[in-house]
Visitor: 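Pasting in a structure now, in structure tokens, and then I'll have a few things to ask.
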Amino acid sequence: MCSSDLCAMGKPEATEEEKRAYRNQSINSSLEFIALLGRVFDVEDRALDLIGKLRARVEAVRARVAGRPAKKVLIAYPGMAMMNANGLPAVMTGGIYDDVIKAAGGVNAFAGQSSDTTRTLNTEQLATAQVDVLVVGQFTPDERPEAEAAKLFAAYPHWAASKSRTYAVVSDGVYLGPLNAVAVEKLSKVVHPGD
């Protein structure tokens with residue numbers, strides 16, 4: 001048994017529907033995965049209760065930022081530079097990343113790009129990106145995200161985020177899983193502070 005959003009992961013014979021679901025993961029995909037885990041471990045009521053609470057937290061943020069101008073947000077994982085052919089931080093775009101950013105009141109700086117962007121992004125593309133808010137992903141516990149943010153601000157001083165020193169730190173809240181609400185709440189406070 002697999003969640004339809006995960007069926008294509010590592011499955012050579014994945015159907016087109018499974019591949020599409022994998023590409024289009026969203027916060028809702030995380031909630032469906034929690035429901036699946038609830039069925040597997042025979043705790044469906046607890047899973048449904050958790051889903052309701054998480055959905056309410058995300059919807060509260062969506063309501064708070066509704067109608068606000070969407071700021072350009074860049075999610076970069078410096079510790080995952082091995083994923084990029086040019087040694088740049090892994091920049092996340094598409095699917096669930098875009099959905100988390102949108103729920104927080106922003107738009108991905110690389111919206112509309114495929115997940116291949118993580119692998120193929122070059123220095124020129126990163127340098128010309130419009131970035132109002134930098135999100136530094138912490139890949140391992142020993143990383144220092146504040147120092148990584150400072151390095152990126154120094155490397156790309158023309159970003160609006162660099163000029164204002166606007167950034168947030170996330171770990172796995174932007175991935176498929178139970179922490180999307182935490183990331184949405186955290187990002188919204190930086191994307192739309194004081195709202």
Visitor: Report the relative orientation of the aromatic rings in Y156 and W159; use parallel for angles under 30°, tilted for 30 to 60°, perpendicular for over 60°.
Guide: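 Plane angle under 30°, so parallel.
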Visitor: So does G106 get a backbone contact from the side chain of K71, meaning a donor-acceptor N/O pair under 3.5 Å?
Guide: no
Visitor: How far apart are the closest heavy atoms of T120 and N86, and which atoms are they?
Guide: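 What the structure gives for the nearest pair is O-ND2, 3.6 Å.
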Visitor: Verify the cluster assignment for Y167 and V73: are they in a single hydrophobic cluster under the rule of side-chain heavy atoms below 4.5 Å apart?
Guide: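 Hydrophobic grouping puts Y167 apart from V73.
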Visitor: Checking side chain to side chain contact (heavy atoms under 4.5 Å, CB included) for the pair V174/I96: CA distance, chi angles, key distance, verdict?
Guide: CA-CA 7 Å; V174 295; I96 198 161; over 6 Å; no
Visitor: What heavy-atom pair brings R57 and V182 nearest, and what distance separates the two atoms?
Guide: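 Taking every non-hydrogen atom into account, NH2-CG2, 3.6 Å.
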Visitor: Has D42 got more than 12 heavy atoms of other residues, nucleotides or ligands less than 6.0 Å from its CG?
Guide: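 No, not enclosed.
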Visitor: Ignoring hydrogens and geometry, is there a side-chain-to-backbone donor-acceptor pair from N24 to R20 under 3.5 Å?
Guide: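 Yes; at least one donor-acceptor contact below 3.5 Å.
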Visitor: Could you see if M92 belongs to whatever hydrophobic cluster contains V100? Use Ile, Leu, Val, Met, Phe, Trp, Tyr and a side-chain cutoff under 4.5 Å.
Guide: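 Yes, it is one cluster - the side chains of M92 and V100 are joined through contacts under 4.5 Å.
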Visitor: Taking D98 first and then K72, would you say they form a salt bridge - that is, a charged N and a carboxylate O separated by under 4.0 Å?
Guide: no
Visitor: On a heavy-atom basis, which atom in V136 and which in P78 lie closest, and how many Å separate them?
Guide: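 Reported closest heavy-atom pair: CG1-CD, 4.1 Å.
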Visitor: Report yes or no: do F139 and V91 belong to one cluster of Ile/Leu/Val/Met/Phe/Trp/Tyr joined by side chain heavy-atom distances under 4.5 Å?
Guide: no
Visitor: Would L152 and L134 count as a side chain to side chain contact (heavy atoms under 4.5 Å, CB included) here? Give the steps.
Guide: CA-CA 9 Å; L152 286 167; L134 172 65; 4.0 Å; yes
Visitor: Keeping the roles fixed (side chain from D132, backbone from A160), state whether a donor-acceptor pair exists under 3.5 Å.
Guide: no
Visitor: Same cluster or not: L54 versus L48, using hydrophobic residues (I, L, V, M, F, W, Y) connected whenever any side-chain heavy atoms lie under 4.5 Å apart?
Guide: yes
Visitor: For E124, is there any backbone N or O sitting under 3.5 Å from a side-chain donor or acceptor partner on T128?
Guide: yes
Visitor: Using 0.5 Å steps for rounding, measure from the CG atom of N108 to the OG1 atom of T93.
Guide: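 These two atoms lie 4.0 Å from each other.
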Visitor: Do R119 side-chain atoms and D116 backbone N/O form a donor-acceptor pair below 3.5 Å?
Guide: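 No, the answer is negative, given that no donor and acceptor are paired below the 3.5 Å cut-off.
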Visitor: Compute the centroid of each ring, for Y175 and then for Y77, and state whether the two points are separated by less than 6.0 Å.
Guide: yes
Visitor: Which value, rounded to the nearest 0.5 Å, describes the distance between S29 atom OG and N180 atom CG?
Guide: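 Answer rounded to 0.5 Å: 9.0 Å.
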Visitor: Charged N to carboxylate O under 4.0 angstrom, R62 versus E59?
Guide: yes
Visitor: Is there a path of hydrophobic side-chain contacts, each under 4.5 Å between heavy atoms, that joins F41 and F33?
Guide: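 Result: yes, single cluster for both.
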Visitor: Are the side chain of S188 and the backbone N or O of V61 linked by a donor-acceptor pair below 3.5 Å?
Guide: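 No; zero donor-acceptor contacts below 3.5 Å.
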Visitor: Show the nearest heavy-atom pair for residues I75 and I101, with the distance to one decimal.
Guide: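 Nearest heavy atoms, I75 then I101: CD1-CD1, 3.6 Å.
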Visitor: Look at the side chain of Q125 and the backbone N and O of N122, then say whether any donor-acceptor pair between them is shorter than 3.5 Å.
Guide: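 Flag set: sc Q125 to bb N122 pair under 3.5 Å.
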Visitor: Can you give me the closest heavy-atom contact between G177 and S30, atom names plus distance?
Guide: N-OG, 2.9 Å
Visitor: Side-chain contact, heavy-atom cut-off 4.5 Å: Y97 with T118?
Guide: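 Heavy-atom side-chain distance check fails, nothing below 4.5 Å.
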Visitor: Determine whether a donor-acceptor pair (N or O, by modelled atom type, separation under 3.5 Å) exists between the side chain of H192 and the backbone of R68.
Guide: no
Visitor: What verdict does the side chain to side chain contact (heavy atoms under 4.5 Å, CB included) test give for E32 and N28, after you've listed the backbone C-alpha separation in whole Å, the side-chain angles of each residue and the deciding distance to 0.1 Å?
Guide: CA-CA 6 Å; E32 290 171 2; N28 196 51; 3.0 Å; yes
Visitor: Any salt bridge between D99 and K102, counting N to O under 4.0 Å?
Guide: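 Salt bridge absent between D99 and K102.
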Visitor: Give the minimum heavy-atom separation between I34 and A47, together with the two atoms involved.
Guide: O-CB, 3.7 Å
Visitor: Is a side-chain N or O of N84 found less than 3.5 angstrom from the main chain of L121, in a donor-acceptor match?
Guide: yes
Visitor: Could you walk me through whether V135 and L74 pass the side chain to side chain contact (heavy atoms under 4.5 Å, CB included) test, one step at a time?
Guide: CA-CA 6 Å; V135 177; L74 176 77; over 6 Å; no
